[in-house]
Amino acid sequence: MIRAAGVRKSFGEVHALDGVDLDVARGRVLGLLGHNGAGKTTLVNILTTVSRPTAGTVSVAGYDVLSQGAEVRSRIGVTGQYASVDEHLTGFGNLVLIGRLLGAGRHEAAARATALIEQFDLTGAAHQPSRTYSGGMRRRLDLAASLVGRPDVLFLDEPTTGLDPSTRIALWETVEALVSDGTTVLLTTQYLDEADRLADWITVLAKGRVVASGTSERLKADLGHRAVEVVLGQEGDLSTAEASLVTAGFRTHVDAERRTLTARVDTSAAVADVVRALDAVGAEADRLTVKEPSLDDVYLALTQSPAAQRDAA
Ligand SMILES: Nc1ncnc2c1ncn2[C@@H]1O[C@H](COP(=O)(O)OP(=O)(O)O)[C@@H](O)[C@H]1O
Ligand SMILES: [Mg+2]
């Protein structure tokens, strides 16, 4: 449903995208993960026909974005980081307007608006101006607006940036419901937990380049690592315990405030070695937890890799 090959985009001297390839099958969710300035919005703009690539080929829903832009636009929905609804119209009014703009008759547009208002839990506020909506309601209305035309492919550019935690989770559930209905989604995010939760496939973008691509499980297995986290008892000395772990060959991290030591372990046998090293200096653990690799490790490993450093220079 989304295919991009060798996409470049330059703004004068700035190479916002430097040869990006993507391939997203129908019904899948691609998580495009990257820091601020990585090129996420630039790529979304190209995929949604808002801007033209400097080089490369792109098709969405089987249509070429350059030569068949109108075909592409009629099959996609876009929700940006900044709400695109009209503040002075009611939530209902916004959805009806979009339906009319897309060519629906009055009754059809009203029926679609009513259904979306209900689906996005906006019934109580449907007839209030959208400027009175909370951040979460605005984001839901924005998402509803992008669905008026029943898109095959939905683009969500940082859908939860700036939302509070409970609103984020509610939005995730909404996206999950859409995906279970068969919509193909490309989602950009700076948040690992978001990509981990929603995406089948994650592409990590740094400085306009794809630095890694895979399922979150694959990325974690390849680039993440397991660690043992030890909360030291009141009696134990943190630096003595750490020194013992380092002597035993572990890479460690200390959080003095939480009296916590973290040691990277690559095998389960190494967990016993951690315990032995602590025991050797009489350090008692209040709590000992094995932490599975997280996408945070992956992200750090990638964005601090020599390649990323070189590109940054
Ligand atoms: N219209 C533009 N003119 C000049 N530079 C731009 C323009 N749009 C984006 N850029 C630059 O391209 C890079 C990627 O930006 P963007 O795609 O917005 O990143 P992201 O969405 O991942 O935060 C940044 O260095 C940004 O400053
Ligand atoms: Mg952006």
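Below, all heavy atoms of this structure are taken into account, side chains as well, without hydrogens, waters or symmetry copies. Bear in mind the structure is a predicted one, so any value in this text is a computation, not a measurement. Positions are given from 1 along the sequence. First listed ligand is number 1; within each ligand, the first listed atom is number 1.
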With a 4.5 Å limit on heavy-atom distance, are the side chains of [X] and [Y] in contact?
X	Y	result
Val58	Leu47	yes
Val274	Val265	yes
Arg226	Val290	yes

What are the atoms of ligand 1, with element, lying closer than 4.0 Å to any heavy atom of [X]?
X	answer
His35	22 (O)
Ala38	19 (O), 20 (P), 22 (O)
Asn36	23 (O)

Return the closest protein heavy atom for [atom] as residue, atom name and distance.
atom	result
atom 24 (C) of ligand 1	Gly37 O, 3.9 Å
atom 18 (O) of ligand 1	Thr41 CB, 3.8 Å
atom 11 (C) of ligand 1	Val14 CG1, 4.0 Å
atom 17 (O) of ligand 1	Thr42 OG1, 2.5 Å
atom 12 (O) of ligand 1	Ala16 CB, 3.2 Å
atom 6 (C) of ligand 1	Phe11 CD1, 3.3 Å

Would you check, one step at a time, whether the test salt bridge (Lys or Arg N to Asp or Glu O under 4.0 Å) holds for Asp18 with Lys9? CA-CA 7 Å; Asp18 199 7; Lys9 178 75 181 183; over 6 Å; no
Within the stated cut-off of 2.8 Å, is an N/O/S atom of Thr188 closer than that to the Mg ion (ligand 2)? no
Going through the checks in order, is the salt bridge (Lys or Arg N to Asp or Glu O under 4.0 Å) test met by Asp286 and Arg259? CA-CA 10 Å; Asp286 269 357; Arg259 291 186 59 73; over 6 Å; no
Within 45 degrees of the ring normal and closer than 6.0 Å to the centroid, is that where the cationic atom of Arg140 sits relative to Tyr133?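 Pair Arg140/Tyr133 does not count as cation-pi.
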Hey, is atom 26 (C) of ligand 1 under 4.0 Å from any protein heavy atom?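 There is no protein heavy atom less than 4.0 Å from atom 26 (C) of ligand 1.
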Lys/Arg N to Asp/Glu carboxylate O, Glu229 vs Arg258, below 4.0 Å: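 Judged by the 4.0 Å cut-off on N to carboxylate O distance, Glu229 and Arg258 do form a salt bridge.
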Which one holds for Glu158 and ligand 1: side chain close, backbone close, both close, or neither close, with close meaning a heavy atom under 4.0 Å? neither
May I ask whether Gly39 places a heavy atom under 4.0 Å from ligand 1? yes
Run the salt bridge (Lys or Arg N to Asp or Glu O under 4.0 Å) test on Arg75 and Glu71 for me, step by step, so that the C-alpha distance in whole Å, both residues' side-chain angles and the decisive distance to 0.1 Å come before the verdict. CA-CA 7 Å; Arg75 285 166 179 81; Glu71 298 288 355; 2.9 Å; yes
